[in-house]
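Protein chains get the first letters and strands the later ones, always in sequence-line order, with residue 1 at the start of each. The structure displayed is predicted, hence computed values, not measured ones.
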Amino acid sequence: MFTQADKRCSLSELVAQVKDGDVVAVGGGLSWREPMAALRELIRHGRRGLTVVGSAHGIDIDMLCGAGVVAVSGESYVGFEQDFGMAPNYRRACESGAVQVRDNCCYTLVQQLRAAISGLPFMPIRSVQGTGFEALHPEFKTMICPYTGDRLVLVPPLQPDVAVLHAHFADRHGNLHIEGPPVADILFAKASRKVIVTVEEILEHEDLAEKGVTIPYFYVTAVCEVRYGAHPTSCYPNYAYDRRHTQHYYDQARQGAEVFRENYLKPFVSQCPDHRVYLEAIGGRERLNRLTTWRESDEQWRSLYE
Amino acid sequence: MFTQADKRCSLSELVAQVKDGDVVAVGGGLSWREPMAALRELIRHGRRGLTVVGSAHGIDIDMLCGAGVVAVSGESYVGFEQDFGMAPNYRRACESGAVQVRDNCCYTLVQQLRAAISGLPFMPIRSVQGTGFEALHPEFKTMICPYTGDRLVLVPPLQPDVAVLHAHFADRHGNLHIEGPPVADILFAKASRKVIVTVEEILEHEDLAEKGVTIPYFYVTAVCEVRYGAHPTSCYPNYAYDRRHTQHYYDQARQGAEVFRENYLKPFVSQCPDHRVYLEAIGGRERLNRLTTWRESDEQWRSLYE
Amino acid sequence: MNEPVRTCTLGELMIYQIALTIEDGILAFHGFGSPLVQLALHLAKRSHAPNLVLVAGATYAVNPSPLFLTPTSNDFVMSVGAECDLNIEELFDLAASGRMGRMFLSGLQIDPWGNLNVTRLGDAGHLKLKLPGGGGGCNLSCDAGHITIWTAAHRAPPDQQGRRRFRLVDRCDFVTSVGHRSVDGRPRSELPYRGKGPDWIVTDLGIFDFDATGHARLNAVYPDTTVELVAENTGFDFPVAADLACARLPEPGIIELIRRLDPMRIHRRELSHDDRTREFEL
Amino acid sequence: MNEPVRTCTLGELMIYQIALTIEDGILAFHGFGSPLVQLALHLAKRSHAPNLVLVAGATYAVNPSPLFLTPTSNDFVMSVGAECDLNIEELFDLAASGRMGRMFLSGLQIDPWGNLNVTRLGDAGHLKLKLPGGGGGCNLSCDAGHITIWTAAHRAPPDQQGRRRFRLVDRCDFVTSVGHRSVDGRPRSELPYRGKGPDWIVTDLGIFDFDATGHARLNAVYPDTTVELVAENTGFDFPVAADLACARLPEPGIIELIRRLDPMRIHRRELSHDDRTREFEL
């Protein structure tokens with residue numbers, strides 16, 4: 001139970017909740033609502049040896065891998081879909097052995113989070129058996145169902161040390177409002193020991209309550225207002241996905257670890273003391289305003305992908 | 001999957017989905033949003049031998065017991081709290097043996113519904129063991145957890161034949177919007193073979209979508225617009241709990257099965273060919289308007305309980 | 001209005017004593033049909049436990065500010081001003097994962113180990129009285145961190161034949177929720193429960209805690225009750241705390257707060273007719 | 001604008017053929033990163049399967065009307081006009097309880113039994129290539145009623161040394177999602193899955209169904225492919241349907257609909273460079 005009256009803190013204090021070697025659940029999914037500002041701060045803090053768990057991810061996990069923050073990946077997907085294809089840093093880190101591959105599947109992850117949420121030592125699941133994941137996860141066990149005689153797979157609880165989320169709104173007490181797909185954020189919040197959250201805006205409780213509480217305050221450890229905190233991923237309705245910046249990211253990453261460090265991590269992370277400087281580095285007001293024009297017309301929205 | 005374009009039907013057609021001997025999950029809870037109009041129609045249809053399952057209930061289950069509709073009760077509570085105390089018809093039916101007692105507990109019910117919802121042959125639960133419920137439910141099994149060595153109770157899936165719900169709004173496709181506490185309605189809708197719903201108002205989809213879809217259409221078998229369909233229980237914000245009518249109900253029920261049949265079931269159920277006539281019988285417009293005055297002032301709201 | 005409060009009623013004393021069992025910063029849940037407990041939680045939240053996560057029974061509203069107490073629990077009145085809302089599965093998941101600090105349970109039968117019966121009198125074959133049932137009490141008696149048991153019907157006056165029907169009984173006909181001994185007599189420590197079980201019983205005659213064996217022990221009496229009175233109204237023998245005291249009475253400010261929270265005095269419905277007139281000089 | 005459609009592209013033919021595998025009135029789900037499948041579902045919903053419960057990958061939006069297809073799946077564009085929304089746990093629960101009629105899966109390796117690999121090339125000890133991973137494909141390959149497999153990279157041209165790197169392989173290095181044989185060779189019938197497994201493979205060279213043993217069988221070719229061409233681009237021997245036919249081409253109206261659904265022709269990104277120019281006379 002996190003019950004203090006005011007959970008606001010600086011981005012640096014927020015990210016200091018993450019320790020080397022922690023199991024970290026990163027919220028959002030693919031190009032939607034990734035807590036990118038918090039992850040960049042995590043890199044600046046020089047965190048190491050994290051185990052990342054989640055469902056379908058892209059630039060967030062790829063960037064952490066490129067920065068050498070990750071030791072184990074328990075994600076179910078890390079890539080750029082048909083947009084750019086495979087995730088270069090993630091691939092390199094896995095293939096070099098720097099990151100240990102412990103791929104998971106979406107529903108297996110859900111069941112493991114549910115076990116943690118309801119305090120059970122396992123959840124049963126019918127699928128997974130007969131696939132390569134049983135060998136990849138020796139911690140999974142099996143049992144014969146006393147009702148049906150069927151063989152079931154038992155998956156242990158997954159209780160991340162920290163969930164790192166980006167939401168639209170919070171109040172200072174830590175109540176959160178998320179618009180659009182929550183992906184696994186609600187499950188992460190309920191299952192994790194600590195929940196740290198960046199938000200586009202911190203509101204008075206009455207205004208937040210009017211929008212609706214997506215995640216109750218007592219799950220939430222700390223909150224920090226970071227506008228455009230999901231950039232370059234989207235945080236509709238506030239702003240769309242910055243495909244141009246992501247293209248630039250991908251082009252650097254594809255050229256190798258060195259190039260990525262020199263041409264991306266340096267200018268956009270390590271040499272940006274804070275988020276404000278980062279927003280200048282990626283093109284400032286002009287670039288950010290463009291990402292808010294998606295509402296103007298279908299053509300304008302389309303143009304963001306061309 | 002219930003996918004027909006227009007699921008609207010008459011109250012009689014709606015209730016005809018329930019067959020003698022069915023396992024029925026009644027939505028709402030205590031004095032809140034009970035599908036009373038549908039249950040009265042169920043009594044008019046002369047249904048028999050139902051098994052009722054649910055969490056905390058009152059007049060809904062008591063009335064079904066008083067009308068001889070119920071053969072087995074798997075509820076976790078049936079009563080009138082500190083308002084009127086024990087449920088007279090329910091007590092009589094259980095004590096006479098007319099209704100078989102298979103009391104359940106709220107979380108056990110939740111886990112059994114979850115097993116049905118996720119297609120599992122059981123759900124594990126840590127509680128219940130060591131209480132009287134193990135003897136009451138021989139279908140519960142136990143296992144030793146292969147991870148912890150702890151003894152766990154396994155509860156089988158509960159898939160009601162029909163869930164009977166009262167919601168605020170639906171569209172003709174069957175999407176539902178419920179305001180306030182859903183109680184177990186969402187779990188019932190996902191777990192049951194059929195879902196039949198009365199609603200205060202059927203809206204165009206666009207208007208419903210604006211309020212938000214609480215239960216997606218494909219779970220829902222049929223819907224019927226029945227204003228004041230929860231009376232005498234509440235359906236805030238539309239109308240408050242009719243304590244006066246419930247007092248009258250209780251006074252008749254307390255005097256015995258005969259008196260209840262003569263002085264309550266006859267005038268308010270069997271002799272009311274339809275819901276419109278029932279609304280006249282309970283006091284018509286004047287009474288109903290009074291139940292909508294709760295917003296006017298705290299004093300006015302309080303007066304509804306005096 | 002503002003004449004000073006000089007006395008407190010039995011109900012107000014019980015509400016205060018139940019409130020004193022509630023720690024700050026925990027999640028606590030009151031079930032339905034329990035005005036004394038509902039008021040105790042709101043009192044605690046507004047006095048010594050401001051960081052209490054107060055979850056209202058039936059509505060699952062978190063930290064509401066009811067305009068007044070209603071006789072029915074699942075009523076919008078009771079969730080007015082709620083900070084947020086849980087649902088039935090989330091609330092019980094929180095308990096099952098060890099995140100519910102305290103729950104409050106009662107019973108028509110309460111045995112020396114804190115086992116409770118709200119299911120039936122008589123046995124399966126021969127049902128004497130069907131009680132309403134325990135709601136989620138069975139699950140929460142295992143899962144919640146601690147349990148405060150309360151009853152306003154401890155007093156068991158003899159009938160014409162001089163027989164007493166005890167509320168605090170030697171043995172429950174049915175164990176709806178479990179205390180410190182399972183239905184088959186195993187000590188709680190042998191069962192893989194999350195929660196530690198009942199630590200208080202607040203009644204209309206006094207207050208019990210539990211000794212090392214998990215047996216109820218009289219901890220305090222009221223200004224108008226004695227160990228002897230408690231003993232003759234209790235269906236089992238019980239140890240008495242060495243430092244047995246008279247229960248602390250609430251301050252006037254606390255009493256005024258309770259009266260504001262329950263203007264219709266709904267909580268009196270839990271008290272026997274005679275007990276409604278019991279008052280204590282402050 | 002309105003000049004009559006006289007030809008259809010390979011992508012349009014594949015979208016049409018995938019759409020033909022979708023029954024009306026079922027719940028079907030497209031994953032992420034699969035434009036051909038996303039378009040097939042929207043095509044089916046707007047042609048022969050109006051009662052399809054179309055669940056969009058990544059957003060879990062139900063029956064949306066995307067303004068245009070984006071290269072990223074979790075984008076508000078893709079959920080515009082959704083009738084309602086599910087979340088990750090609800091969607092997978094529906095599959096696990098037997099309520100997902102059909103799912104669509106692909107792989108960098110596809111074996112004769114419809115096992116798929118999107119996890120890694122090489123073995124655990126010696127990882128040659130880390131693939132993005134299967135999302136929820138593993139779970140859904142067991143749970144979904146039926147699976148349509150697709151790939152736009154069946155063609156495996158020889159390199160300088162004349163070696164072909166097959167997409168349709170004799171054996172998967174890793175079984176990410178299961179077809180008609182488990183990773184240890186047990187027939188699917190011996191496993192307690194809800195779903196019946198893959199029944200179609202739609203590729204850039206032709207269409208396979210599965211024989212009684214669960215082995216892929218060539219069912220149809222395209223106007224510019226032959227059994228021989230399919231054979232030399234496939235890493236295993238396969239039976240050929242007695243009634244092998246040339247796949248039916250879509251009507252002009254269908255083609256126009258596809259072009260309206262994907263104005264940026266995002267689906268072409270799934271095709272090899274050469275295949276982007278393949279066209280068929282209607």
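Under a 4.0 Å N-O distance rule, the pair A/Arg243/A/Asp83 qualifies as a salt bridge. With respect to the salt-bridge test (charged N to carboxylate O, under 4.0 angstrom), the residues A/Asp242 and A/Arg290 do not qualify.
Here NZ of A/Lys190 is found 15.0 Å from CD of A/Gln159. Values are rounded to the nearest 0.5 Å.
Contact of A/Asp103 with chain D is made through the side chain alone, with heavy-atom distances under 4.5 Å. Interface remark: A/Val101 contributes side-chain atoms only to the contact with chain D (heavy atom separation under 4.5 Å). In this structure, chain A has no heavy atom under 4.5 Å from any part of D/Arg188. Of the atoms belonging to A/Glu75, not a single heavy atom falls under 4.5 Å from chain D. At a 4.5 Å heavy-atom cutoff, D/Leu86 makes no contact with chain A through either its backbone or its side chain. In this structure, chain D has heavy atoms under 4.5 Å from both the backbone and the side chain of A/Thr108. Heavy atoms of D/Ser79 lying under 4.5 Å from chain A are absent altogether. With a 4.5 Å cut-off on non-hydrogen atoms, A/Arg92 does not touch chain D at all. Residue contact with chain D, scored on non-hydrogen atoms closer than 4.5 Å, involves the side chain of A/Tyr90 exclusively. No part of A/Leu109 comes within reach of chain D, as not one of its non-hydrogen atoms sits under 4.5 angstrom from that chain. Heavy atoms of D/Tyr60 lying under 4.5 Å from chain A are absent altogether. Within the 4.5 angstrom heavy-atom criterion, no atom of D/Val118 approaches chain A. Using a 4.5 Å cut-off between heavy atoms, D/Leu140 makes no contact with chain A at all. Contacts of A/Leu152 with chain D are absent, with no heavy-atom separation under 4.5 Å from either backbone or side chain.
Side-chain contact of A/Ser234 with A/Ser31: a donor-acceptor pair under 3.5 Å is absent, judged by distance alone. Judged by distance alone, the side chains of D/Arg46 and D/His42 do bring a donor and an acceptor atom under 3.5 Å apart.
Of the residues considered (A/Val110, A/Asp150, A/Val78), A/Val78 shows the highest number of contacts with chain D, using heavy-atom pairs under 4.5 Å. In terms of non-hydrogen atom pairs under 4.5 Å with chain D, the most contact-rich of A/Tyr241, A/Trp294, A/Phe133 is A/Phe133.
No side-chain heavy atom of D/Pro64 sits under 4.5 Å from any side-chain heavy atom of D/Val80.
The backbone N or O of D/His267 sits less than 3.5 Å from a side-chain atom of D/Asp262, completing a donor-acceptor pair.
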